[in-house]
Amino acid sequence: MTTVLQVVGLTLTTFGVSFLLIAALGVWRLPDVLSRLHALTKADSAGLALIALGAACLKGRPDSLLVLGLCVVLVALSGVTIGHLIARAHLSEGDLE
Amino acid sequence: MTIHDVPPIDRQQTPSATTEPHQEVLAVARSSGRLRGAITTGTVLVVLWAGFHWNDPTSWTVGVPMALIGGALVLFLPASAPLQLSPLGMLRFAKFAIIGILRGAVDVSWHSLSPRTLQPGFIPWRTHLPKGGPRRLFAVAITLLPGTLTARIEDDMLTIHALDLSDATRDALAALEAHIAKLYRLDHKEMVL
């Protein structure tokens with residue numbers, strides 16, 4: 001059982017790290033500020049969620065899932081809020097066209 | 001339409017010396033809505049703190065003041081109408097959101113690897129969801145779901161940045177709005193039309 005959890009945990013963590021790396025690549029490659037924000041808000045949230053789930057599997061204790069879950073929710077909400085604020089500030093500079 | 005959807009201009013044009021009884025009732029309702037929001041937020045913050053620091057009782061010396069400050073800050077936000085959440089709607093929305101977040105991450109990863117497939121632009125979207133929780137959740141969920149980002153909110157008008165301007169994106173936005181309406185048990189009459 002422990003081995004299965006470790007394999008699942010490592011797999012989820014690997015996928016999560018991959019999402020974060022691709023998000024970083026997106027910030028570099030995507031053409032404008034708003035498109036880059038998509039990479040930051042979406043791939044970041046999913047990447048962190050998978051890493052947290054993987055970490056909970058590796059830890060093997062249910063209580064760690066609660067704390068890691070709360071971290072994921074708070075990071076996702078703050079990412080979305082900051083993403084919106086940056087987008088709004090960008091539009092207020094007159095770049096809507 | 002709820003009492004919180006009264007246009008601000010009406011309140012400004014009414015002289016305070018001739019305040020009518022129904023306006024006092026509205027003011028009390030608004031302030032009680034804020035109080036309810038403050039208590040709910042303070043309780044949620046206490047639960048969150050307990051989740052993070054359940055094994056460290058001394059941490060409450062910081063946690064309690066932070067929960068009180070967080071709850072007090074809500075008093076400065078606009079009050080929202082009391083709405084009922086549907087338990088079944090919550091489960092359906094959670095499933096919809098988890099699948100949407102993962103699809104969003106895969107979608108933006110694909111675009112990051114091949115930026116030439118992008119057709120970005122803006123979609124103006126007039127939401128029929130009422131002010132407060134439903135509209136805020138809609139704005140947050142738009143940013144987490146595939147290819148869309150809430151760039152500006154002006155009353156019921158949202159400016160959404162989309163990586164793909166096809167009809168599929170508009171259909172996804174309509175589906176999201178319908179999910180949130182079901183979550184808050186909003187029927188056709190309660191939607192802002």
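Note that the structure is a prediction, hence the values are computed from the model and not measured.
For the options B:Ala151, B:Pro115, B:Ala162, heavy-atom pairs under 4.5 Å to chain A are most numerous at B:Ala151. In terms of heavy-atom pairs under 4.5 angstrom with chain B, the leader among A:Ala39, A:Ser35, A:Pro31 is A:Ser35. The most heavy-atom pairs under 4.5 Å with chain A, out of B:Ile101, B:Val140, B:Leu163, come from B:Leu163.
Other residues, nucleotides and ligands place no more than 12 heavy atoms under 6.0 Å from the CE atom of B:Met90. Residue A:Arg29 qualifies as enclosed at atom CZ: its count of foreign heavy atoms under 6.0 Å is above 12. Counting heavy atoms of neighbouring residues, nucleotides and ligands inside a 6.0 Å radius, atom CZ of A:Phe15 does not exceed 12 of them.
Here the shortest heavy-atom pairing between B:Ala105 and A:Ala46 reads CB-CB, 3.3 Å. Contact detail for A:Asp32 and B:His161: the closest heavy-atom pair is OD1-NE2, 4.2 Å.
Looking at A:Leu85, there are no atoms closer than 4.5 Å to chain B (heavy atoms on both sides), in backbone or side chain. Looking at B:Ile98, there are no atoms closer than 4.5 Å to chain A (heavy atoms on both sides), in backbone or side chain. A:Ile86 does not touch chain B: none of its heavy atoms, backbone or side chain, sits under 4.5 Å away. Looking at A:Leu70, the atoms closer than 4.5 Å to chain B (heavy atoms on both sides) sit in the backbone and in the side chain alike. Proximity to chain A (any heavy atom under 4.5 Å) is shown, for B:Leu149, by both the backbone and the side chain.
Linking ILVMFWY residues whenever their side-chain heavy atoms come closer than 4.5 Å, directly or via other members, leaves A:Val75 and A:Val80 in distinct clusters. B:Val47 and B:Trp49 fall into different hydrophobic clusters, where Ile, Leu, Val, Met, Phe, Trp and Tyr side chains are chained together by heavy-atom contacts under 4.5 Å. Tracing side-chain contacts under 4.5 Å through hydrophobic residues (I, L, V, M, F, W, Y), one reaches B:Leu145 starting from B:Ile123; they form part of the same cluster. Both A:Leu12 and A:Phe19 are members of a single hydrophobic cluster when ILVMFWY side chains are connected at heavy-atom separations under 4.5 Å. With hydrophobic clusters built from ILVMFWY side chains whose heavy atoms lie under 4.5 angstrom apart, A:Ile22 does not share a cluster with A:Leu40.
Contact of the A:His84 side chain with the B:Ile153 side chain is registered, since non-hydrogen atoms from C-beta on lie closer than 4.5 Å. Annotation: side chain of A:Trp28 is not in contact with side chain of B:Ser112 (no heavy-atom distance under 4.5 Å).
A distance of 9.0 Å separates OG1 of B:Thr143 from CG of A:Leu37, quoted to the nearest 0.5 Å. Atom CZ of A:Arg88 sits about 12.0 Å away from atom OG1 of B:Thr159, to the nearest 0.5 Å. In this structure, B:Leu144 CG and A:Asp44 CG are separated by 11.0 Å, a value rounded to the nearest 0.5 Å.
Listed by chain and residue number, nothing satisfies the ring pair (Phe, Tyr, Trp, His ring centres under 6.0 Å) test with B:Phe93 (two or more places apart in sequence, or in another chain).
At least one donor-acceptor pair under 3.5 Å links the side chain of A:Lys42 to the backbone N or O of B:Thr148.
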